[in-house]
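One structure is given here, and the rest of the page talks about it.
Computed from a prediction, not measured in an experiment: that's the story for all the values here.
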Amino acid sequence: QVQLVETGGGSVQAGGSLILSCSASGRSLDNYNMGWFRQAPGEAREFVAAIRWSHGATYYADSVKGRFTISRDNVKNTGYLQMNSLKPEDTAVYYCAAGRFGVGMHLSTNYDSWGQGTQVTVSS
């Protein structure tokens with residue numbers, strides 16, 4: 001089992017930037033996929049971005065494409081979500097997740113390890 005810890009959330013004004021980190025322990029993520037999801041109050045959890053750890057292929061939700069960038073550091077076993085041009089509608093609790101599967105990077109049910117979440121608040 002992989003243990004995940006997110007850091008880097010906070011409050012920012014619209015147009016600002018934040019970077020979230022997801023540190024993994026317990027095992028290497030070499031054969032894993034890492035995803036970022038978010039959940040706003042009263043809303044369902046939604047896919048944000050994902051990366052295939054072994055070769056770095058990335059996937060994004062349309063709502064964040066061009067503004068968010070997912071990346072990873074193999075040595076540190078840590079994933080990142082760089083968020084630029086933030087909008088009030090990006091306000092949510094952000095979760096990182098890890099899992100080993102082939103297809104369906106956007107499906108939360110494919111991920112079996114989850115972090116505790118970190119709050120991101122964007123004010124207008």
Side-chain angles (χ1 to χ4, degrees):
Q1 191 77 5
V2 177
Q3 290 79 48
L4 303 173
V5 176
E6 303 104 335
T7 56
S11 297
V12 65
Q13 289 192 325
S17 299
L18 284 173
I19 182 166
L20 305 182
S21 300
C22 178
S23 178
S25 61
R27 61 173 59 194
S28 168
L29 293 180
D30 282 348
N31 296 314
Y32 280 76
N33 303 309
M34 176 176 279
W36 286 92
F37 292 79
R38 65 187 182 187
Q39 188 166 19
E43 302 289 332
R45 189 169 297 189
E46 66 172 356
F47 169 75
V48 175
I51 187 167
R52 293 199 186 277
W53 204 264
S54 58
H55 55 71
T58 57
Y59 307 80
Y60 295 94
D62 287 344
S63 59
V64 306
K65 204 170 293 184
R67 299 189 297 123
F68 291 11
T69 303
I70 188 172
S71 62
R72 91 282 195 226
D73 185 322
N74 290 336
V75 174
K76 295 181 178 179
N77 218 32
T78 298
Y80 303 95
L81 185 68
Q82 174 70 50
M83 305 184 294
N84 298 328
S85 301
L86 283 161
K87 305 175 181 179
E89 51 263 44
D90 294 318
T91 295
V93 177
Y94 284 70
Y95 299 89
C96 68
R100 290 187 290 185
F101 54 89
V103 297
M105 298 290 277
H106 63 293
L107 297 175
S108 61
T109 50
N110 279 340
Y111 298 84
D112 50 21
S113 297
W114 290 81
Q116 81 286 358
T118 185
Q119 177 70 46
V120 171
T121 303
V122 184
S123 57
S124 57

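A donor-acceptor pair is defined here as one N or O able to donate and one able to accept, closer than 3.5 Å; no such pair exists between the side chain of Q82 and the backbone of I19. Under a 3.5 Å cut-off, the side chain of N77 and the backbone N or O of S25 do not form any donor-acceptor pair. The main-chain N or O of V2 is found under 3.5 Å from a side-chain atom of S113 such that the two form a donor-acceptor pair. Side-chain atoms of R100 do not come within 3.5 Å of backbone N or O of N31 as any donor-acceptor pair.
Using bins of under 30°, 30° to 60° and over 60° for the plane-to-plane angle, the ring pair Y95/W114 lands in the perpendicular bin.
Taking 4.5 Å as the limit, some side-chain heavy atom of Q119 sits within range of a side-chain heavy atom of T91. Within the 4.5 Å cutoff, the side chain of L107 has no heavy atoms near those of the F101 side chain. Side-chain contact between W53 and N74 is present, with heavy atoms from C-beta onward closer than 4.5 Å. When side chains are defined from C-beta on, S21 does not count as touching K76, because their heavy atoms never get closer than 4.5 Å. Looking only at side-chain heavy atoms (C-beta outward), R38 and D90 come within less than 4.5 Å of each other.
One finds the OH atom of Y94 at 7.5 Å from the CG atom of L81 (value rounded to the nearest 0.5 Å). From L29, atom CG reaches atom CE of M34 across 5.0 Å, with rounding to the nearest 0.5 Å. Atoms CD and OG, on E6 and S23 in that order, are 10.5 Å from each other to the nearest 0.5 Å. Residue I70 holds its CD1 atom at 12.5 Å from OH of Y80, rounded to the nearest 0.5 Å. In this structure, CG on L18 lies 9.0 Å from OG1 on T118, to the nearest 0.5 angstrom. Distance check: S108 OG to E46 CD gives 11.5 Å after rounding to the nearest 0.5 Å.
Smallest separation of non-hydrogen atoms from P88 and A14: CD-CB, 4.1 Å. Considering every non-hydrogen atom in both Q39 and E43, the closest pair reads NE2-O, 3.1 Å. A pairwise comparison of heavy atoms in S17 and S85 identifies OG-N, 4.4 Å as the closest pair. Across all their heavy atoms, A24 and L4 have their closest contact at CB-CD2, 3.7 Å. Shown here for M105 and A50, the closest heavy-atom pair between the two residues is CE-CB, 3.7 Å. Pairing each heavy atom of V48 with each of F68, the nearest pair is CG1-CD2, 3.7 Å.
Every residue two or more places apart in sequence or in another chain was checked for a ring pair (Phe, Tyr, Trp, His ring centres under 6.0 Å) with Y60, and none qualifies. Legend: residues meeting salt bridge (charged side-chain N to carboxylate O under 4.0 Å, His left out) with D62, ordered by chain and number and at least two apart, are K65.
Residue V12 is grouped with residue M83 when hydrophobic side chains (ILVMFWY) are merged at heavy-atom distances under 4.5 angstrom, including chains of intermediate members.
The environment of CD in Q116 is crowded: more than 12 heavy-atom neighbours from other residues, nucleotides or ligands sit within 6.0 Å.
In this structure, a donor-acceptor pair under 3.5 Å is present between the side chains of N33 and R52.
You'll find the ring centres of Y111 and F37 inside the 6.0 Å limit.
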